[in-house]
Amino acid sequence: MARMVLGLAATHAPGITARAEEEPPEKRARVYSNYEKLRGVLEETKPDVIVTVANDHVTYMFEIIPQFLIVVADEYEGPPDYEWLRIPKYKVRIHRRLAEYLLKSLVDKGFDVAFSSNPLLDHATMNPLHFLAGDRERGVIKYPVVPVLTNAFVKPVPSLARGYQLGLAMREALESYPEQLRVAVLATGGLSHDPGGPRWGYVDEEFDKRFLSYLASGDVRSALALTPDEVFATGGGSYEILNWVVVWGVMRGKPAEVVDYVPGYNIGSAWAVWRP
Amino acid sequence: MARMVLGLAATHAPGITARAEEEPPEKRARVYSNYEKLRGVLEETKPDVIVTVANDHVTYMFEIIPQFLIVVADEYEGPPDYEWLRIPKYKVRIHRRLAEYLLKSLVDKGFDVAFSSNPLLDHATMNPLHFLAGDRERGVIKYPVVPVLTNAFVKPVPSLARGYQLGLAMREALESYPEQLRVAVLATGGLSHDPGGPRWGYVDEEFDKRFLSYLASGDVRSALALTPDEVFATGGGSYEILNWVVVWGVMRGKPAEVVDYVPGYNIGSAWAVWRP
Amino acid sequence: METVSRNEIFKIERLLRDFHLRPEIRERFKKEPDAVMAEYGIDKRFWPLLKEGRLYTLYKMGVHQLLLYHLAHVLGIKRDEYVKRINDPSF
Amino acid sequence: METVSRNEIFKIERLLRDFHLRPEIRERFKKEPDAVMAEYGIDKRFWPLLKEGRLYTLYKMGVHQLLLYHLAHVLGIKRDEYVKRINDPSF
Ligand SMILES: [Fe+3]
Ligand SMILES: [Fe+3]
């Protein structure tokens, strides 16, 4: 039986690596130290596998846009724009057996999850893995991964309640996996931002702090009451909080320890930890 | 408010057009006359739009395989292999407003339906439309269409129960559409067959007749009790009955009038009508 | 503004997506935009919108904001100019 | 039989899918199969399976039956021969 040993959430803003010097050194240092903290927690916990929950950016989920997708492949190398991102091109081992189990379980439970054997994982999956699990010298991600992708950008998007339900179902599925396995889950993205939109650069700190206060207090109900329209009103990228909500579901709504919140790099960035 | 005016189901076996002379003239005539019957019913009913429910054949839903997909485009021209199929290359008008409404409603109801603006509709959608709604001279499909695609071929597939639930939700969504619209739904595919599989050419008549008897008697429960494994045991293509079950859900489980059953062209072919 | 067919928008979006994934398309577009847009089946009436970076119009037509961002990258439009254009009906 | 990586299977499946959608690939494969398989990134050890229509092995490896059908079409293998091969471990 697999066991859930850790939940993490972190921003995946590409500017943090691609245009690092856009923010003053103190802010940069603060951003990096938050990732370092999460990396430390992960290394202490020693998971056997990380389930990542990230969204696509109208790149891979483009011609066909599924709401949720699980990658059932054996390996991945990327991201494609690693040079622009200024991170290594990483090799990722995918825990295919767990991915297949998770997919089948979710479909059996009535979640209409898409799948793919030819993944494209962009900065949303790869930047946080770079900071939290990257072996930069060898160009490998240190843990096997099960990549889950969501649709956070193209309407209609799944409700936050649906995302939370998916997380609950993922937890059940993972705990019924027949092998011994220590599983960590990682949500990436958010909070408010409007990349390429009319308010690109604007951060809605009030919204972000409200969302983080729901997380910190375990107020699932208030968070799930946020409609897609309300969230999109704060920016075209803000619905990436969907990924956080999915992982919150995996953690069964436990309050999160919010590590930090830093507006900058055109986005409200946050980091959080759930201990099981 | 849209109104459901008709339900139809028909085989989409490509051999019926591509290799028509493979079966004796009497069988061919019988097959064609069954399509003609359905065409007549459709012309009597005069729907404003046809919602088609068909599966892909690992062609379009290939790199990304969603469980359910709705096409949100304005037009389509195809199928790509129309010459091999020996049918005209048709222009299809898509009722995009209804497609968008249906998609949004289903996602809001907790169905994780994928979508696409760049459809590829293969023989599963196009062959039945050719017979039932094709204006062969002008190369157009006579009614606007909302194409729904399902995953019936690559495991894991949605359960039949999930397909039925989707149909029920589609009915609700369609009936809440704010404009006056007479809607017909058309399921395509099945019944038992094993295209490209170890029993290619084999038809499981016992299975087919059992499934049709469930339909004819309105025995939803027995039909939904069929597991994917049981259905796949009769052939790798047999799960196309999923499309029939979705439309049965749209018709709220009403008994169908089974028009005919003809084993031939490597498949157990059937035709059915639901009057609302 | 006229309603543009989703099929037409998709062709534009495909080009913008490929700007991101296929550097060779990006480079060719800089040299011979018309030829590239023709290859992607983009209707001629949209060519000036792309070449001139008419972000407001493209956005209102329904081109996704994340894809417009790739266009801006190719045209060398930085954030402040981008935000100005996407909010300005004269673009 | 060894377990083959899904990534490898995908490359084979992509070629077979393209046999169906892109007649020019089909025709080129008939003339220069190795060159085409190399382009698709297919590992050399699988090349004989495709060229010789080793349907049993490909099927057991996990190549989807609908895609094998496209291979048979290119190789000119008709239904009865197809069914024989996909059931015969010597293929
Ligand atoms: Fe993002
Ligand atoms: Fe079929």
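Hydrogens, waters and symmetry mates are skipped; everything else that's a heavy atom, side chains included, is used. Keep in mind it's a predicted model, so treat the numbers as computed, not measured. Protein chains get the first letters and strands the later ones, always in sequence-line order, with residue 1 at the start of each.
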**Study point:** chain A interface, residue from C:Asp18, C:Leu66, C:Ile86 that has the most non-hydrogen pairs under 4.5 Å
**Key:** C:Leu66
**Study point:** Whether A:Asp135 side chain and A:Gly139 backbone form a donor-acceptor pair below 3.5 Å
**Key:** no
Check your understanding: Which of parallel (below 30°), tilted (30 to 60°) and perpendicular (above 60°) describes A:Phe131 and A:Tyr35?
Key -> parallel
Check your understanding: Under 6.0 Å between ring centres, would you say that holds for C:Tyr69 and C:Tyr82?
Key -> no
**Study point:** Between C:Phe29 and C:Tyr40, ring centroids under 6.0 Å
**Key:** no
Check your understanding: What residue in C:Arg17, C:Arg85, C:His20, C:His64 has the most heavy-atom pairs under 4.5 Å with chain A?
Key -> C:Arg17
Review point. With a 4.5 angstrom heavy-atom cut-off, which part of A:Pro80 approaches chain C: side chain, backbone, both or neither?
Key: side chain
